[in-house]
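Contents: one structure, followed by commentary.
Source: prediction; values computed, not measured. Values reported hereafter were calculated over all heavy atoms of this structure, with side chains retained and with hydrogens, waters and symmetry mates removed. Each chain gets a letter, A, B and so on, in the order its sequence line appears, and its residues count up from 1.
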Amino acid sequence: MSAPASGGMPATVLVRGLERRFGNTTVLDRLDLSVGAGEFVALLGRSGSGKTTLLRTLTGLDPVQTGEVRVPAAQAVVFQESRLLPWKRVWENVALGLEGADARGRAEVALEEVGLGHRLAAWPLTLSGGEAQRAGIARALVREPSFLMLDEPFASLDALTRLRMQDMVGALWRRHRCAVLLVTHDVDEALLLADRAVVLDKGRIRASFPIALPRPRRHADPDFARLRAALLDALDVRAVDQAA
Amino acid sequence: MPDTLLPDGILTPARPDPAHVPAAPASAALARPRARRAGMAGRRFLSPLLIVLAWQAASSAGLISPQTLASPWQIGRTALALSADGTLGRNLLVSLGRAGAGFALAFAAGVVLALISGLSRLGEDVVDAPMQMLRTLPALALVPLFILWFGIGEVPKVALVALGGVFPIYLNLFKGIRSVDPKLLEMARTLRLGRRDTIRHVVLPGALPDLLVGLRLSVGISWLMLVVAEQVNASSGIGHMMMDAQDFLRTDIIMVGLLVYALLGLGSDQGVRWLERHLLRWQPPSPGYRA
Ligand SMILES: Nc1ncnc2c1ncn2[C@@H]1O[C@H](COP(=O)(O)OP(=O)(O)OP(=O)(O)O)[C@@H](O)[C@H]1O
Ligand SMILES: [Mg+2]
């Protein structure tokens with residue numbers, strides 16, 4: 001029932017007994033979760049299980065009704081849609097709200113890092129879906145978060161672009177070493193990127209799978225397939241998967 | 001048919017000139033859209049031109065008496081004469097001054113009121129209800145009251161223009177502020193933007209397209225108000241010039257006044273369009289539907 005951080009890492013994020021109700025329906029029911037410093041956690045769960053609700057609470061968009069939530073102040077979030085301001089150029093979007101010297105320079109470095117160095121002055125509505133999502137990731141990274149939240153950031157991208165973006169997020173994480181909570185529907189994505197996959201169901205973290213595979217990870221790895229089966233089992237989609 | 005209206009050279013088929021063969025495809029590709037545009041513009045001007053020609057023919061043949069409607073030729077001569085002796089320029093300046101002052105007042109008041117009621121609930125309670133009630137009044141029906149209050153000088157005219165122009169600005173900007181995408185507001189919160197920065201970077205730019213819609217409506221209404229104000233009682237201005245001409249059955253002068261009003265309306269509309277293109281250049285061009 002408890003979901004400890006893997007290893008002896010100090011917890012960057014700590015959630016204890018979090019409850020969230022909308023009217024009579026309880027979406028989060030005494031949920032416990034912790035994410036270690038620099039740990040990459042994938043959050044899985046069926047549609048409507050409350051993943052976005054949890055993220056919104058962690059970023060402070062929704063209030064904590066009951067329970068305890070500890071998150072670092074240096075945090076950033078990337079939503080499923082990029083949510084760029086269409087009237088600001090790409091670099092201005094990334095630099096928005098940055099404090100300190102040379103916000104523009106730092107924004108440009110972050111954009112180079114996600115491979116958008118050639119689109120610095122573009123208007124957001126002229127970006128492709130993948131480019132817009134990368135700009136959103138640059139906007140999060142430029143804040144040097146110690147905790148980064150990603151809510152299905154690649155869900156609307158085509159398969160090929162998604163693979164590229166997964167690689168990029170993996171590389172960025174290795175370089176920045178921030179704690180990451182990645183919400184995803186894609187079991188393979190979780191297995192490629194995360195140190196640990198947790199499954200949210202009926203308001204609680206029901207399962208927690210450490211993923212001790214060596215990186216870079218390959219689908220062909222027999223351990224990969226074994227973990228994949230276990231995860232799908234926990235998500236209760238195994239039967240559907242075989243029927244298809 | 002429209003091809004005959006094209007400027008020389010654009011559609012001329014390239015003469016077989018071996019020296020220019022490599023360049024020909026590129027220049028043809030460049031010229032074609034331009035030629036097409038010129039052709040469309042030509043087509044658009046064709047039918048008005050025919051109407052004016054028919055009108056002139058009817059006037060010359062004595063089918064239309066000058067007291068009913070002056071001929072285009074006569075109107076043109078009168079326009080030149082009025083410009084030459086300064087009558088047109090003097091009256092135009094007066095009209096422009098009234099419209100400009102009234103519109104500036106409308107814009108300033110509309111923006112300030114919309115900011116007050118758009119950005120705070122208290123402001124909405126105080127400002128919005130009276131504005132919604134006032135806007136149902138037909139502004140033109142206030143002319144007698146304005147004359148009683150302000151006399152017959154410049155004040156009632158400017159006030160009438162301002163009153164007509166203020167509501168489109170207020171209503172559209174208010175709606176724009178209130179309908180800013182909530183997802184972008186959430187994003188601003190996750191970036192820890194303060195209230196001031198959120199208003200400056202998210203709310204106001206998001207409301208700008210609506211403000212520009214209001215601006216365009218407001219400019220149109222301002223001219224309408226000006227026409228009425230100048231014809232009810234005035235001793236100068238384009239409207240006065242036209243009313244004076246009425247006493248002497250000078251339809252040519254009346255037509256010159258109409259033409260000036262039309263040009264003013266057209267010019268200010270082009271101005272607002274230019275402003276839209278410039279301020280909303282972040283919007284991808286929407287080609288719209290054209291058969
Ligand atoms: N503001 C709200 N008012 C009422 N119910 C809500 C509200 N927000 C979310 N819910 C409900 O809470 C439940 C969890 O929603 P949430 O968006 O967190 O799901 P999710 O796990 O992110 O799903 P998905 O994978 O489809 O994005 C859903 O049943 C949803 O209908
Ligand atoms: Mg969701």
Just wondering, are more than 12 heavy atoms of other shown residues or ligands nearer than 6.0 Å to CZ in A:R89? yes

Mind listing the closest non-hydrogen atom pair of [X] and [Y] along with its distance?
X	Y	value
A:T184	A:L44	O-CD2, 3.3 Å
A:L182	A:L193	CD2-CD1, 4.1 Å
A:G50	A:L200	C-CD2, 3.5 Å

Turns out that what part of A:L84 lies under 4.5 Å from chain B's heavy atoms comes down to backbone

Measure A:E81 against the heavy atoms of chain B and call it side chain, backbone, both or neither at under 4.5 Å. side chain

Tabulate, in ascending numerical order, the residues of [range] having at least one heavy atom closer than 4.5 Å to a heavy atom of chain A, or enter 'none'.
range	result
residues 207-219 of chain B	none
residues 259-278 of chain B	none
residues 169-203 of chain B	B:K183, B:L184, B:E186, B:M187, B:R189, B:T190, B:L191, B:R192, B:L193, B:H201, B:V202
residues 98-125 of chain B	none

Among A:T59, A:L96, A:T126, A:L98, single out the residue with the greatest number of heavy-atom pairs under 4.5 Å to chain B. A:L96

Below 4.5 Å, heavy-atom pairs only: which of A:R83, A:R139, A:R56, A:Q75 has the largest tally toward chain B? A:R83

Donor-acceptor pair, side chain of [X] and main chain of [Y], under 3.5 angstrom:
X	Y	answer
A:S208	A:V198	no
B:S95	B:I238	yes
A:Q133	A:Q80	yes
A:E131	A:S128	yes
A:K51	A:G45	yes
A:S34	A:L14	no

Just verifying a value: how many Å separate B:M133 CE and B:D128 CG, rounded to the nearest 0.5 Å? 9.5 Å

A:E113 vs A:R175, salt bridge (Lys or Arg N to Asp or Glu O under 4.0 Å): CA-CA, chis, key distance, verdict: CA-CA 11 Å; A:E113 217 183 344; A:R175 203 167 327 139; 2.5 Å; yes

Quick one: do A:S49 and A:D201 satisfy side-chain hydrogen bond (donor to acceptor under 3.5 Å, both in side chains)? Show the steps, please. CA-CA 6 Å; A:S49 57; A:D201 186 34; over 6 Å; no

Could you tell me whether A:R21 and A:E19 make a salt bridge, using a distance below 4.0 angstrom between a side-chain N and a carboxylate O? yes

Should the pair B:R281 and A:W123 be classed as cation-pi, given the thresholds of under 6.0 Å to the six-membered ring centre and 45° from the axis? no

Should the pair A:R177 and A:W173 be classed as cation-pi, given the thresholds of under 6.0 Å to the six-membered ring centre and 45° from the axis? yes

A:D29 versus A:T26, side-chain donor and acceptor atoms under 3.5 Å: no

Between A:E112 and A:H118, does any side-chain donor sit less than 3.5 Å from a side-chain acceptor? no

